[in-house]
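Reading through the structure tokens given below for one structure.
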Amino acid sequence: MSTVFDITSLARENVRKLVPYMSARRLGGHGNIWLNANEYPIAPHFQLTENTLNRYPECQPVTVIQRYADYAGLQPEQVLVSRGADESIELLIRVFCEPGRDAVLFCPPTYGMYSVSAETFGIAQKKIPVCADWQPDIAAIKNNLDCVKLIYICSPNNPTGNPIDPAALRQILELARNRAIVAIDEAYIEFYPQHVTHHATTRWLKDYPHLVILRTLSKAFALAGLRCGFTLASADIIALMLKVIAPYPLATPIADIAAQALTETGIQIMRNRVEEISCNRAYLQQALSQLALVEKVFPSETNYILVKFINAEFVFKTLWKQGIILRDQSQQPGLENCLRITVGSRNECEQLVSAIDALSNQTQPIKETENP
């Protein structure tokens, strides 16, 4: 009698053990106020202009590359476009890290895909917790650079919302010079206006050949569904990444819409959107800070805020049932009782505040505690 073969036994051991990144959509939920994925609440309007779907697209669409280069103040050979910034996170590992020999370093709490991508490729991870002010622990990083080929720094950081001090970024770049790539993930950079006027990291590329900057159209450009991201780096790094990227990473309709979003008009619309979200963020921070269930509202330079509640599980689950979907961050190191809340429309923000305020009159379950 034949036995049933377990097909998973053929999979790589690290993949069998892997805990996948749980995106907002994989976590699910049902409702009409979605504040868990850092999306813009209103869909932008674009019309497709390309009718060449019978042909394969360009690997690196010239118009998209040129327009993003102009937007970032760089040359086209310093720009690579990919399927979201997530693809760039993996491309960097594929280019620079040898399984069983090299390691990546990052500073939790931070974006979960750095860990998942490293685990997927069998690359060791060095997790250096941030300091109490959520800035990188420079001394600890310095003492843990053995075998590190790639450092990920998210600024402004997800999920805490704080930008990384430019002086700290420069210290990390100096520590890594001639030994590791430093990838600064700037998915939310448009929401941090001081960056543009004082210390834009794109200006540092000429001084740091090992610097890589990750960008996206998902946040401020309101095109999360497009899956279009950018890598900004030296021409040498871009050339290496082009060796391992998929032959046709960007579908023709995606390139078409991305090019439209990066026109002067599209960029101005984005900036107006950022101003709107910033105003709503200020309202939400002030309103939430007055509520009985809120312990602390943290500063943010993004399109979301991190909030510490007296009982985050109670707030999260109750609002979930009401169709108000937030993102629970309580399992991240140092973020007990914290929820991440996307800044939605003013109406969504007002409904959220009212819903949380109403919870203060409800009986909360007593959380179990461990025996002393």
Side-chain angles (χ1 to χ4, degrees), residues 37-50 57-58 60-88 154-156 158 161 163 184-205 212-233 238 249-282 300-304 342-346:
N38 304 337
E39 304 153 320
Y40 187 66
I42 302 169
H45 297 288
F46 292 96
Q47 295 292 325
L48 293 179
T49 61
E50 290 287 345
E58 298 173 275
Q60 295 290 289
V62 173
T63 302
V64 176
I65 293 292
Q66 183 64 64
R67 288 181 181 175
Y68 202 89
D70 292 342
Y71 170 65
L74 299 174
Q75 296 302 310
E77 59 268 24
Q78 295 176 282
V79 179
L80 178 138
V81 64
S82 60
R83 292 170 291 193
D86 286 334
E87 184 178 22
S88 285
C154 191
S155 180
N158 178 11
I184 303 179
D185 187 341
E186 295 187 342
Y188 300 92
I189 200 63
E190 282 85 5
F191 296 98
Y192 183 35
Q194 296 93 321
H195 176 272
V196 176
T197 56
H198 296 300
H199 52 81
T201 49
T202 50
R203 301 170 189 165
W204 298 357
L205 288 169
V212 172
I213 300 166
L214 306 181
R215 298 278 188 86
T216 183
L217 299 186
S218 294
K219 312 304 181 185
F221 283 89
L223 290 169
L226 201 65
R227 306 310 301 129
C228 183
F230 295 89
T231 304
L232 313 179
I238 297 300
L250 227 62
T252 297
I254 293 173
D256 185 354
I257 294 172
Q260 295 177 51
L262 291 166
T263 60
E264 288 186 15
T265 299
I267 291 170
Q268 186 56 54
I269 291 172
M270 176 274 291
R271 289 174 175 152
N272 295 341
R273 185 182 297 120
V274 167
E275 185 176 350
E276 171 204 347
I277 290 295
S278 298
C279 289
N280 289 347
R281 183 182 67 204
S300 174
E301 295 287 353
T302 64
N303 65 341
Y304 57 86
T342 303
V343 179
S345 67
R346 180 56 66 95

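Keep in mind that this is a model prediction, so the values were computed, not measured.
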*For Thr252, side-chain contact (heavy atoms from CB on, under 4.5 Å) partners two or more places apart*: Glu50, Thr52, Leu53, Pro57
Hey, could you give me the [atom1]/[atom2] distance between [X] and [Y], rounded to the nearest 0.5 Å?
X      : Y      : atom1 : atom2 : answer
Leu214 : Thr231 : CG    : OG1   : 5.5 Å
Ser155 : Asp185 : OG    : CG    : 9.0 Å
Ile189 : Thr201 : CD1   : OG1   : 6.0 Å
Leu262 : Ile257 : CG    : CD1   : 12.0 Å
Asn303 : Arg273 : CG    : CZ    : 11.0 Å
Ile269 : Glu264 : CD1   : CD    : 12.0 Å

*Counting heavy atoms not belonging to Gln47, are there more than 12 under 6.0 Å from its CD?*
no
Kindly give the heavy-atom pair with the smallest separation between [X] and [Y], and that separation in Å.
X      : Y      : value
Pro249 : Glu87  : CB-OE1, 4.2 Å
Thr302 : Phe191 : CA-CB, 3.7 Å
Ala72  : Thr202 : O-OG1, 3.8 Å
Glu301 : Pro156 : O-CG, 3.6 Å

*Glu39 and Thr342: side chain to side chain contact (heavy atoms under 4.5 Å, CB included), yes or no, with the steps?*
CA-CA 7 Å; Glu39 304 153 320; Thr342 303; 5.6 Å; no
*Decide yes or no on side chain to side chain contact (heavy atoms under 4.5 Å, CB included) for Glu276 and Tyr40, but give the supporting numbers first.*
CA-CA 11 Å; Glu276 171 204 347; Tyr40 187 66; 2.7 Å; yes
*Go through the side-chain N and O atoms of Arg227 and Thr216 and say whether any donor and acceptor fall under 3.5 Å apart.*
no
*For the residue pair Thr265 and Thr263, confirm or rule out a side-chain donor-acceptor distance under 3.5 Å.*
no
*Restricting to pairs with a member in residues 61-80, which pass salt bridge (charged side-chain N to carboxylate O under 4.0 Å, His left out), not counting sequence neighbours?*
none
*Given Tyr71 and Phe221, is the ring-ring contact (aromatic ring centres under 6.0 Å, His included) satisfied, shown in steps?*
CA-CA 13 Å; Tyr71 170 65; Phe221 283 89; 5.8 Å; yes
*Verify side chain to side chain contact (heavy atoms under 4.5 Å, CB included) between Ile213 and Trp204, making sure each step is shown before the conclusion.*
CA-CA 10 Å; Ile213 300 166; Trp204 298 357; over 6 Å; no
*Just by modelled atom types, is the Thr63 backbone N or O under 3.5 Å from a matching donor or acceptor in the Glu58 side chain?*
no
*Within the side chain of Asn280, is there an N or O that forms a donor-acceptor pair under 3.5 Å with the backbone of Gly344?*
yes
*Within 45° cone of Tyr68 ring axis and under 6.0 Å: Arg215 NZ or CZ*: no
_Let's go through Cys228 and Leu250 carefully: what are the C-alpha distance in whole Å and the side-chain angles of both, what is the deciding distance for side chain to side chain contact (heavy atoms under 4.5 Å, CB included) to 0.1 Å, and is it a yes or a no?_
CA-CA 8 Å; Cys228 183; Leu250 227 62; 4.3 Å; yes
